Amino acid sequence: MKNVIYEQIKASMHKVLSLMLVVVLCITTARVADAATVSANVTMDKSSYVAGEEHVISYDHLSGSARWWAVYKRTDIPGIAGVTSKMWAYMNGENGTIRFSDADSSSECTWSNLPIGEYKLCLFGDESKNNNGEYTVKAECYFTIVAGNAPAAPLSVTYERSSVRKGVADGKVTITNAESNDIDTYALYWGNNEGPFEGYDPILVSANKTGTTEYEFLANMAIPDNTTKLYAFSKKGNAVSLTGASVAVDKNAVYNGSEKPYLKFTVMSDLHVQADPGFLHNVHLKKALNDIVTNAPDSDAIVCVGDITDFGQSEQYAQLKSIFKSVKGLPEVVFTAGNHEFRDDTGYDAQVKRFLDFTGYDNIYYSTEFAGCTFVVCGTETTQKGEEKWNHSCHFSEEQIAWLDKTLEEACAKDKPVFLFNHQPLYDTTSGSLEGQNWDGIRENDEVRAILDKYPTVTMFTGHTHWELEAIRQFFNGNGVSFSAFNDGSVGYLWTDEDKHKEGSTGLYVEVYGDRILVKGRNFDDGHWVTKAQFIVDYDKVLNLKKTKENVAALKSKNDSKTVAKALVAETEKLYASLTKEQKKLVVDYDKITAAAKALIGTYDKTIRVSNGAVYLGDTLLKNQKVTIGGKVYITDAAGKIIKNKVITFNKTLMALDKNGQIVKNKLVTINKKKYICDKAGKVLKGNKLVKFAKKNYIVDKNGVVAQGKWMKLKGKKYYAEKTGVLVCNKTKKIGKKKYTFNKKCVCVK
């Protein structure tokens with residue numbers, strides 16, 4: 001995207017100039033096949049419109065049985081491969097007047113949200129169709145959409161990123177609302193110091209009317225490479241604020257774009273190609289293929305995930321072949337069969353043969369490889385005609401289910417990403433498959449889901465639902481615990497969360513790196529990246545989970561090599577530390593098994609070790625024993641645990657153990673609010689007697705507890721112990737309401 005501020009100023013200048021000039025209605029002569037006929041004319045009520053303003057078209061002498069108008073960017077040439085209109089609608093009669101609002105039901109845009117810019121309106125008639133099935137323009141005129149009254153800019157924006165994963169946007173954006181509360185939405189853009197990136201759709205956030213507006217990035221949403229700032233602009237209808245607020249993005253949170261993926265491919269589905277070369281779906285496909293050649297010239301593959309034709313008819317396959325052949329520089333194409341490949345009345349077997357003849361495959365399901373990564377392609381094995389519930393669903397035979405399990409097991413053993421393609425999604429994974437959305441899925445859903453749940457290195461791509469990429473769940477994140485899945489939208493047309501048809505054409509660009517998979521949503525129709533549909537799959541964490549499980553299994557077998565065991569324990573602990581909480585739950589008995597492995601290592605080293613608070617010598621648990629660890633002495637209980645912060649009798653000797661479990665020696669110690677005196681051997685002094693320690697006098701009872709803050713009587717003599725335990729000696733002291741005198745031996749004499 002060009003700098004938004006520049007575009008808005010430019011648009012405003014157009015408005016000013018248009019107001020200074022007399023409004024001239026444009027009348028342009030069309031290209032005509034027959035010079036003898038009267039030329040068609042078209043005019044508009046204005047040459048410059050404020051964003052959201054209604055447009056009125058007047059036309060005459062438009063012949064033919066089929067007539068329509070369409071709006072293009074001013075620089076677009078209708079009929080050129082990849083060029084499609086912004087909005088269009090049919091017209092009645094050779095002469096008449098029509099409003100843009102009449103096109104709402106058949107347009108990508110509507111008149112009320114046609115973006116700011118320069119456009120041309122073209123008239124078409126069916127007799128203008130050439131031998132290639134393309135239409136030529138009968139008449140055209142130009143107009144401009146300007147900003148109008150731009151809304152106030154947001155006051156500020158902050159970004160609190162919560163992810164520690166490089167390239168992942170996870171976190172919260174807080175926008176301090178514009179001074180005016182007349183704002184519909186805020187538009188968020190990634191960008192650099194020069195402004196928002198060109199060619200990226202904004203993330204639109206509904207504005208609160210007061211205070212602040214908050215937005216939480218979806219989990220694992222990607223930050224584009226080389227991002228340095230996040231921008232926020234205000235929107236009111238189609239008008240955008242002339243300036244925006246920005247916040248710096250930590251350079252350590254972003255990839256710098258220097259690393260190259262080792263595999264690149266594009267995923268698209270629901271082409272719905274028809275025999276008519278000028279049909280909109282066909283035009284969408286050709287534009288998408290040109291987009292791939294332009295944006296991924298070194299791509300390894302294109303994967304078409306089903307509904308490649310509208311009815312699976314021979315003439316549609318012929319047109320599909322012609323479209324692919326017309327675009328030069330394409331990589332290898334992988335095809336998946338969808339329910340629309342089986343929609344005519346020739347029967348399933350005949351339609352399968354037609355699909356296999358076109359693709360050159362031996363079976364409806366198969367696997368292939370690109371850059372060492374396995375591509376697993378599934379397909380329906382019946383059409384379930386007569387069972388309305390399953391008419392558009394996918395059916396897996398027992399043979400295909402067994403094949404899928406075996407193929408994934410072998411592929412996932414290679415420590416490379418595995419990609420699975422099926423036209424219909426599994427239920428409750430991606431957009432269109434969620435509860436209440438009522439799109440058909442895989443008939444054997446539970447069986448297939450149980451298989452995929454075993455293989456977290458699998459990423460699944462599906463189509464069928466046509467759900468737009470901005471929908472509620474375009475990405476199903478397995479988070480290394482299970483498989484991940486993506487909805488790839490549709491090349492032919494789209495569907496929304498509001499359960500409505502929408503013109504458009506989308507797909508996914510996929511880049512595979514050593515530690516991650518980057519999936520980037522693409523709007524083929526307008527040539528923009530769908531910012532809200534860019535995600536990172538944490539492949540390094542997925543592999544770490546797999547490796548940790550394997551290591552724990554190896555430790556469980558108790559490898560008898562000390563060197564190998566030590567290395568395996570160290571590697572396993574490191575991998576385990578890198579896992580998420582959900583992944584750690586899948587590593588069964590990790591603590592128990594690694595402790596056993598460490599005990600095994602201890603056996604070889606003949607050293608005492610502590611594991612989970614218990615003391616071992618090799619594999620032997622040391623119970624009720626005095627042990628020396630690192631030159632310090634401890635005592636264990638009946639469970640082998642180190643006894644801490646207690647006074648115990650061990651081998652008929654009373655001992656005090658501090659908070660760390662060490663035997664206290666030659667010290668006055670407090671344990672559980674009681675004081676004890678330990679001699680140099682670690683023995684607690686006891687026996688209802690006077691004790692002199694560190695030049696101070698104390699009395700200890702039969703359990704070794706030091707008297708504190710009370711009178712004591714020994715052999716008919718009275719003593720008084722301070723709260724510290726020290727006896728009062730050689731002085732007079734008031735105790736309670738009386739004064740008492742103590743001699744040098746601490747005896748109370750009066």
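When reading the values below, keep in mind they use all heavy atoms of this one structure, side chains included, and skip hydrogens, waters and symmetry mates. In this text the structure is predicted, and so the values were computed from the model without any measurement.
- For Phe355 and Phe342, the ring centers are positioned 6.0 Å apart or more.
- Atom OG1 of Thr531 sits about 9.5 Å away from atom CH2 of Trp190, to the nearest 0.5 Å.
- Between Lys236 and Asp182, at least one side-chain nitrogen of the basic residue sits less than 4.0 Å from a carboxylate oxygen of the acidic one, meeting the salt-bridge criterion.
- Side chain of Thr294 to backbone of Asn290: a donor-acceptor contact under 3.5 angstrom is found.
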Ser433 and Arg473: side-chain hydrogen bond (donor to acceptor under 3.5 Å, both in side chains), yes or no, with the steps? CA-CA 9 Å; Ser433 72; Arg473 195 196 289 173; 6.0 Å; no
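- For the pair Arg99 (side chain) and His55 (backbone), a donor-acceptor distance under 3.5 Å is absent.
- We find the CG-NE2 distance between Asp276 and His281 to be 11.5 Å, quoted to the nearest 0.5 Å.
- Contact annotation: the side chain of Val42 approaches that of Ile57 to within less than 4.5 Å [non-hydrogen atoms, C-beta and beyond].
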Take Phe419 and Phe370 through the ring-ring contact (aromatic ring centres under 6.0 Å, His included) test and state the conclusion after the steps. CA-CA 10 Å; Phe419 299 102; Phe370 292 92; 10.0 Å; no
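- Judged purely by atom type and a 3.5 angstrom limit, Thr496 uses its side chain to pair as donor or acceptor with the backbone of Lys500.
- Asp344 and Gln313 form no side-chain donor-acceptor contact under 3.5 Å, judged by distance and modelled atom types alone.
- Checked by atom type and distance alone, the side chain of Glu341 pairs as donor or acceptor with a backbone atom of Thr309 at under 3.5 Å.
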Side chain to side chain contact (heavy atoms under 4.5 Å, CB included) for Phe461 and Val510? Distances and angles first, verdict last. CA-CA 11 Å; Phe461 293 91; Val510 183; 3.9 Å; yes
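- Classification of Arg343 and Asp307 as a salt-bridged pair fails, no side-chain N sitting under 4.0 Å from a carboxylate O.
- Taking all atoms of both residues into account, the shortest heavy-atom contact from Tyr186 to Ser234 is CE2-OG, 3.3 Å.
- In this pair, Tyr200 and Phe197 present their aromatic rings tilted. The plane angle is within the 30 to 60° band.
- Applying the ring-ring contact (aromatic ring centres under 6.0 Å, His included) test to His466 and every residue at least two apart in sequence or in another chain returns His272, Tyr493.
- Leu204 has its side chain out of reach of Glu470: every pair of non-hydrogen atoms, C-beta onward, lies at least 4.5 Å apart.
- Here the CG-CD distance, from Asn282 to Gln316, works out to 8.5 Å after rounding to the nearest 0.5 Å.
- Side-chain atoms of Gln319 and Gln274, non-hydrogen and from C-beta on, never get closer than 4.5 Å to each other.
- The distance from the OG atom of Ser241 to the CD1 atom of Ile183 is 7.5 Å, given to the nearest 0.5 Å.
- Screening residues 292-320 for ring pair (Phe, Tyr, Trp, His ring centres under 6.0 Å) gives Tyr317-Phe358 as the qualifying pairs, with residues at least two apart or on separate chains.
- A heavy-atom distance below 4.5 Å is found between the side chains of Leu494 and Thr506.
- Relative ring orientation between Trp69 and Phe100 is described as parallel, the plane-to-plane angle staying below 30° on a 0-90° scale split at 30° and 60°.
- A salt bridge (Lys or Arg N to Asp or Glu O under 4.0 Å) with Lys287 holds for exactly one of Asp76, Asp525, Asp526; it is Asp525.
- Glu468 and Lys502 are joined by a salt bridge, as a carboxylate oxygen and a charged side-chain nitrogen come within less than 4.0 angstrom of each other.
- Contact annotation: the side chain of Pro425 approaches that of Thr465 to within less than 4.5 Å [non-hydrogen atoms, C-beta and beyond].
- Residues Ile223 and Gln534 form no side-chain contact, since every pair of their non-hydrogen atoms from C-beta on lies 4.5 Å or further apart.
- When Asp488, Asp291, Thr266 are each tested for a side chain to side chain donor-acceptor pair (under 3.5 Å) with Arg522, only one passes: Asp291.
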Run the numbers on Val205 and Leu188 for side chain to side chain contact (heavy atoms under 4.5 Å, CB included), then give the verdict. CA-CA 8 Å; Val205 182; Leu188 299 178; 3.9 Å; yes
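- Side chain of Ser246 to backbone of Lys229: no donor-acceptor contact under 3.5 angstrom is found.
- Ring geometry, Tyr49 versus Phe143: the interplanar angle exceeds 60°, so the pair is classed perpendicular (tilted spans 30 to 60°).
- Ala296 and Tyr509 make their closest contact through CB-CE2, 3.7 Å (heavy atoms, listed as atom of the first residue, atom of the second, distance).
- Qualifying side-chain contact (heavy atoms from CB on, under 4.5 Å) partners for Pro261, counting only residues two or more places apart in sequence or in other chains: Lys264, Glu511, Tyr513.
- Just one of Leu356, Val377, Ile308, Ile302 meets the side-chain contact (heavy atoms from CB on, under 4.5 Å) condition when paired with Phe335; it is Ile308.
- Residues Gln474 and Thr430 bring no donor and acceptor atom of their side chains to less than 3.5 Å of each other.
- Under the rule for a side-chain hydrogen bond (donor to acceptor under 3.5 Å, both in side chains), Tyr59 has no partner lying at least two apart in sequence or in another chain.
- Residue Phe421 holds its CZ atom at 11.5 Å from OG of Ser269, rounded to the nearest 0.5 Å.
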For the pair Lys532 and Leu469, evaluate side chain to side chain contact (heavy atoms under 4.5 Å, CB included) and give the outcome as yes or no after the intermediate values. CA-CA 8 Å; Lys532 197 176 178 181; Leu469 299 186; over 6 Å; no
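- Taking each heavy atom of Ala232 and Pro154 in turn, the nearest pair found is O-CG, 3.3 Å.
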What's the verdict on side chain to side chain contact (heavy atoms under 4.5 Å, CB included) for Leu289 and Leu330, showing C-alpha distance, side-chain angles and the deciding distance? CA-CA 8 Å; Leu289 296 178; Leu330 293 174; 4.1 Å; yes
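- Nearest heavy atom pair, residue Lys325 against residue Lys328, reads O-NZ, 3.4 Å.
- For His464, the ring-ring contact (aromatic ring centres under 6.0 Å, His included) criterion is met by His423, Trp439, not counting sequence neighbours.
- Residue Val146 comes nearest to Ser48 through the heavy atom pair CG1-OG, 3.8 Å, listed as atom of the first residue, atom of the second, then distance.
- Note that Lys520 lies in the cation-pi zone of Trp529, set by a 6.0 Å cut-off to the ring centre and a 45° limit from the axis.
- Checked against ring-ring contact (aromatic ring centres under 6.0 Å, His included), Phe475 has the following partners two or more places apart in sequence or in another chain: Phe486, Phe535.
- Lys86 is listed as a side-chain neighbour of Lys73, based on a closest heavy-atom distance under 4.5 Å.
- In this model, no donor atom of one side chain and acceptor atom of the other lie less than 3.5 Å apart for Asn523 and His528.
- Nearest approach of Phe233 to Gly244, heavy atoms of both residues: CE2-N, 3.4 Å.
- At least one side-chain heavy atom of Trp467 sits under 4.5 Å from a side-chain heavy atom of Asp497.
- Note that the CG atom of Leu285 and the SG atom of Cys304 stand 7.0 Å from one another [nearest 0.5 Å].
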